[in-house]
Enquirer: 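Please read through the structure below; I'll follow up with questions.
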Amino acid sequence: MNTHSKYADCRTELFALEAMFHGASVEVGREIYGCLTTDEVTKVLKREQIFEPVMDKVTEKIDFYMQHRVHGKIKTAALMFSNVYGILGKTKYADELIQLHKQKGV
């Protein structure tokens with residue numbers, strides 16, 4: 001499952017749709033759709049005061065598709081971050097797996 005942006009990039013479409021589901025206007029959805037980076041999207045979501053609920057839904061979807069890929073047989077995690085805004089979102093097992101990684105000293 002290669003999700004690198006040069007192969008499978010639909011970030012702005014997902015963010016735009018989730019933003020509109022959380023009350024953003026069609027104009028804001030179009031603005032998000034036209035963003036070139038996640039940092040630009042984040043700026044708009046924060047301006048519209050819907051960053052948290054949109055990111056919660058996006059991380060929920062990421063978690064769903066990762067678990068679907070492994071048929072629920074292993075714990076998976078994702079952490080989204082930005083050099084500008086820091087951590088943007090985490091899936092439900094992210095903190096647990098980060099702690100495990102730290103304990104193992106890897």
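Below, all heavy atoms of this structure are taken into account, side chains as well, without hydrogens, waters or symmetry copies.
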Enquirer: Kindly compute the distance separating CD1 (I32) from CD (E13), expressed to the nearest 0.5 Å.
Expert: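 Nearest 0.5 Å value for the CD1-CD distance: 11.5 Å.
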
Enquirer: Out of curiosity, T59 OG1 to L79 CG, how far, rounded to the nearest 0.5 Å?
Expert: 10.0 Å

Enquirer: Atom CE of M55 and atom CG of L88: how far apart are they, to the nearest 0.5 Å?
Expert: 5.0 Å

Enquirer: Name all pairs fulfilling the salt bridge (Lys or Arg N to Asp or Glu O under 4.0 Å) condition that reach into residues 31-53, sequence neighbours left out, sorted by first residue then second.
Expert: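 Of all non-adjacent pairs touching residues 31-53, those that pass salt bridge (Lys or Arg N to Asp or Glu O under 4.0 Å) are E31-R47.
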
Enquirer: Partners of D95 by salt bridge (charged side-chain N to carboxylate O under 4.0 Å, His left out), sequence neighbours excluded?
Expert: K90

Enquirer: Can you find a heavy atom in the side chain of L45 that is under 4.5 Å from one in the side chain of V41?
Expert: yes

Enquirer: Indicate if F15 and F81 have the same hydrophobic cluster label, given that clusters are the connected sets of ILVMFWY residues with side-chain heavy-atom separations under 4.5 angstrom.
Expert: no

Enquirer: Hey, are E18 and K61 close enough for a salt bridge, meaning a charged N less than 4.0 Å from a carboxylate O?
Expert: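 Result for this pair is yes, salt bridge flagged.
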
Enquirer: Do L14 and R11 have side-chain heavy atoms sitting under 4.5 Å apart?
Expert: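 L14 does not reach R11 side chain to side chain.
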
Enquirer: Is there a side-chain contact between T42 and F51, using heavy atoms and a 4.5 Å cut-off?
Expert: yes

Enquirer: Would you call K75 and L97 a side-chain contact if the rule is heavy atoms closer than 4.5 Å?
Expert: yes

Enquirer: Under 4.5 Å between side-chain heavy atoms, chaining through other members, with only Ile, Leu, Val, Met, Phe, Trp and Tyr counted: pull out the rest of the cluster around L17, sorted by chain and number.
Expert: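 In the cluster with L17 are F21.
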
Enquirer: Could you tell me how the ring of H68 sits relative to the ring of Y65: parallel (under 30°), tilted (30 to 60°) or perpendicular (over 60°)?
Expert: perpendicular

Enquirer: Please give me the minimum heavy-atom distance between A77 and A94, naming the atom from each residue.
Expert: CB-CA, 3.5 Å

Enquirer: Between A19 and V54, which heavy-atom pair has the shortest distance, and what is it?
Expert: CA-CG2, 3.8 Å

Enquirer: What pair of heavy atoms forms the shortest contact from T76 to T91, and how long is it?
Expert: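 So the minimum-distance heavy-atom pair works out to O-OG1, 4.2 Å.
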
Enquirer: Return the CE to CZ distance between M20 and R30, rounded to the nearest 0.5 Å.
Expert: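 One gets 8.5 Å once the value is rounded to the nearest 0.5 Å.
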
